[in-house]
Asker: 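The structure that follows is given in the form of structure tokens.
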Amino acid sequence: MVLKSQTQARRLIMKNVHKKFLEFIGFSDTEAESMLEDWKKAADLLELDEKDIAFAIKEWIPKNWNMKLKGIRQMLCANIREVVDIFKIEDYKKDGYGIIYGVLPSVPTNYYAMKYGGDKIYVGYPHYQLISVMGALFHKENKYIDRAEALGMTQGCKHCALNKTRIGTESEGLFAQPDVVWSWGYTCDEAPKTDEFIKCSLNKNWNYIVTRLPHDTNLGERDNEKRDRVEYVAESIKDGQRQIEKTLDFTVSDEDMWKAVSDVGRYFKKIHKLNELNCKLPRQLVSGSEMSLIAQPIHIPFNTGLEHHEAALDTLISEIENKGEEADGPKRPKIGCYFASYSLPWISRLFLENDIDLSFSTIMSFTDRQFEASAYDDPFMVIAEQWLGMPLAVNASYEMEMVCEKIEKYKPDAMLFGFFNFDRWMGGHQKMMVSKVEEKTSVPHFYIEGNFWDDRNYGIDDLATRIESISNYVKMNKMLDGVGDDE
């Protein structure tokens, strides 16, 4: 009887802590109750116990995310909805859904078009959702990285944690077998090799389609203004999508394509507006990590749809437009960055504790020119032109031009690069950009070695002194710049 009572008590504690978590991040009592069992299943598969959930509620989330803002709470709810959904993929499969996975950075528009065009289509990046939420909300180590390293993706060779997670989860059968993986090699050259590794070593039935882009434009050329370049990318995207349509036996209409272009384009414009409003505040309401998290749909499709993220985005815009006392007071210096990690939100928090706003991310924001009307009347050409306006997709000199435009627009007091030490491509060219952009803009630039996916090889204490030093320099520099302004 005692054992039975202890078991019942434990179940009640688990139920209560899980429901409390859902309500804490913003779900209503009714919503929390209706999705409780699905969330408990997801948490169990993620190996999150009651201590992990309690830690998230009491410490990690309130310390690193601005829960005073309704838009932030809505954003976290949108992400948890997607995490719950990735553990329903097996059920979708049994119900006859076609399952399409992918890997970032990618073009989300075509995934939504396929979802609109297919009767029963799942589109999503379950591996990405796993690695992101574990860091962002629970600060818990991802065991699948260790599993991948044991299989050959060794730590010393600097492989991407996301691709390691894909290998680790597949080796243990965590997620349902997809019908097809759209493997994007536009920026990540390791993603297609990871799919090849999985097929050769783990799952001979792993079906993947590769879309690549040769990086052969001349330095300084504007990729999205070269018609032959746009045509090439449009055809490569169309070819990948048509292969998927053939595999799953469905057809995407032009109407589906244009709806997806419109929906994603609208989201892009709202992200641009949020950046503009937030960066103009004397004290930002939304941190760099929060800006990056709400901007995820720039490169990632969500099977649960755009509407939940868009509702959060609309709320954040409204909250900034009706800013409260938190945005008032002495102006805080701000630092723009290459990418403010949402998996490591403590980086933004440490800067804020040093009275510095970590601000916009160059790869998660837009230039004004990206919203000029397209000259093309074909949806694939419009999507290709859009992609070739992204900093991740272009030659280094054009990306530097974009970064300089954003520095001019948002006027940061300094810039921070780094956290790509695992990436032999992007990690290398960032170091070149630091010196070149600093030289052109005269804005101080800083670089920190690290991995934006996880911090198991360094920690908060390791970077605290470095961040404090950068913050002190920026504040002193800003103080000196102001000397004599009133004379």
Side-chain angles (χ1 to χ4, degrees), residues 6-88 91 124 126 128-140 285-287 289-294 296-297 302-320 322 324 326 342-346 348-349 352:
Q6 288 176 340
T7 301
Q8 289 173 337
R10 181 173 173 79
R11 285 175 179 168
L12 182 61
I13 291 170
M14 285 293 288
K15 179 179 178 180
N16 289 342
V17 76
H18 280 295
K19 187 176 180 186
K20 185 177 180 181
F21 169 78
L22 293 173
E23 292 176 340
F24 174 71
I25 63 171
F27 287 106
S28 68
D29 179 75
T30 303
E31 288 175 319
E33 190 63 44
S34 68
M35 69 183 297
L36 183 57
E37 292 306 313
D38 287 333
W39 164 243
K40 285 166 62 180
K41 174 186 173 182
D44 183 55
L45 290 167
L46 290 170
E47 299 185 13
L48 295 169
D49 59 26
E50 62 266 35
K51 291 182 180 178
D52 296 319
I53 304 295
F55 170 71
I57 296 170
K58 295 177 182 178
E59 184 173 342
W60 191 251
I61 294 175
K63 279 178 69 174
N64 293 286
W65 302 97
N66 188 353
M67 299 302 282
K68 296 177 184 176
L69 296 176
K70 181 181 178 181
I72 297 300
R73 300 195 300 274
Q74 287 178 299
M75 176 185 70
L76 298 184
C77 287
N79 281 273
I80 288 298
R81 277 192 180 91
E82 189 75 10
V83 169
V84 167
D85 193 63
I86 66 177
F87 292 106
K88 295 180 180 179
D91 295 330
Y128 163 82
Q129 296 299 335
L130 182 154
I131 192 173
S132 296
V133 77
M134 293 291 274
L137 301 186
F138 301 99
H139 198 221
K140 185 166 183 176
L285 280 182
V286 184
S287 73
S289 295
E290 290 162 347
M291 284 297 307
S292 292
L293 192 65
I294 195 69
Q296 287 176 100
F302 284 75
N303 190 60
T304 49
L306 269 174
E307 58 264 30
H308 302 297
H309 278 86
E310 190 165 7
L313 187 48
D314 288 339
T315 301
L316 281 174
I317 289 171
S318 177
E319 287 178 307
I320 290 179
N322 300 289
E326 191 174 342
Y342 38 75
S343 294
L344 307 177
W346 56 264
S348 287
R349 192 239 307 162
L352 190 56

Asker: Sequence neighbours left out, what passes side chain to side chain contact (heavy atoms under 4.5 Å, CB included) with D91? Give chain and number order.
Answerer: K41
Asker: Can you give each donor-acceptor pair under 3.5 Å made by side-chain atoms of residues 21-29, sequence neighbours left out, with the distance rounded to 0.1 Å?
Answerer:
unit_1 : atom_1 : unit_2 : atom_2 : d
S28    : OG     : E31    : N      : 3.1
S28    : OG     : E31    : OE1    : 3.3
D29    : OD1    : K19    : NZ     : 2.9

Asker: My understanding is that only residues two or more places apart in sequence, or in another chain, count here; which of them pass side chain to side chain donor-acceptor pair (under 3.5 Å) with N64?
Answerer: R349
Asker: Rounded to the nearest 0.5 Å, what separates atom CD in E82 from atom OG in S132?
Answerer: 11.0 Å
Asker: Could you tell me the separation between the CG atom of L352 and the OG atom of S289, rounded to the nearest 0.5 Å?
Answerer: 10.5 Å
Asker: Side chains of H308 and N79, heavy atoms from C-beta outward: is any pair under 4.5 Å?
Answerer: no
Asker: Does D314 have any salt bridge (Lys or Arg N to Asp or Glu O under 4.0 Å) partners at least two apart in sequence or in another chain, and if so, which?
Answerer: K270
Asker: Are side-chain heavy atoms of V83 and L46 found at a separation under 4.5 Å?
Answerer: yes
Asker: Any chance the side chains of Q296 and Y128 put a donor and an acceptor closer than 3.5 Å?
Answerer: yes
Asker: Indicate the atoms forming the closest heavy-atom contact of A312 with G71, along with that distance.
Answerer: CB-O, 3.5 Å
Asker: Measure the spacing between CG of N16 and CD1 of I53 and express it to the nearest 0.5 Å.
Answerer: 13.0 Å
Asker: Give the minimum heavy-atom separation between A311 and Q74, together with the two atoms involved.
Answerer: O-OE1, 3.6 Å
Asker: Return the minimal non-hydrogen interatomic distance between E290 and L285, and the atom names on each side.
Answerer: OE1-O, 4.1 Å
Asker: Can you tell me how far NZ of K140 sits from CG of D52, rounded to the nearest 0.5 angstrom?
Answerer: 3.5 Å
Asker: Looking at E307 and T304, what are the two nearest heavy atoms and their distance?
Answerer: OE2-O, 3.5 Å
Asker: Got a second to check how far N303's CG is from K88's NZ, nearest 0.5 Å?
Answerer: 10.0 Å
Asker: Are side-chain heavy atoms of Y342 and I294 found at a separation under 4.5 Å?
Answerer: no
Asker: Roughly how far, to the nearest 0.5 Å, is the CG atom of L69 from the OG atom of S287?
Answerer: 9.5 Å
Asker: Find out whether L316 and E319 are in side-chain contact, i.e. whether some heavy atom of one side chain is under 4.5 Å from a heavy atom of the other.
Answerer: yes
Asker: Which atom pairs, one a donor and one an acceptor, fall under 3.5 Å between side chains of residues 54-63 and the rest of the protein, sequence neighbours left out?
Answerer:
unit_1 : atom_1 : unit_2 : atom_2 : d
W60    : NE1    : G135   : O      : 3.4
W60    : NE1    : A136   : O      : 3.1

Asker: Do the non-hydrogen side-chain atoms of F302 and D85 ever get within less than 4.5 Å of each other?
Answerer: no
Asker: Do the non-hydrogen side-chain atoms of D38 and F87 ever get within less than 4.5 Å of each other?
Answerer: no
Asker: Apply side-chain contact (heavy atoms from CB on, under 4.5 Å) to the pair L293 and L76, showing each step before the final yes or no.
Answerer: CA-CA 9 Å; L293 192 65; L76 298 184; 3.9 Å; yes
Asker: Going by the rule side chain to side chain donor-acceptor pair (under 3.5 Å), which residues pair with R73 if we only count those two or more places apart in sequence or in a different chain?
Answerer: none
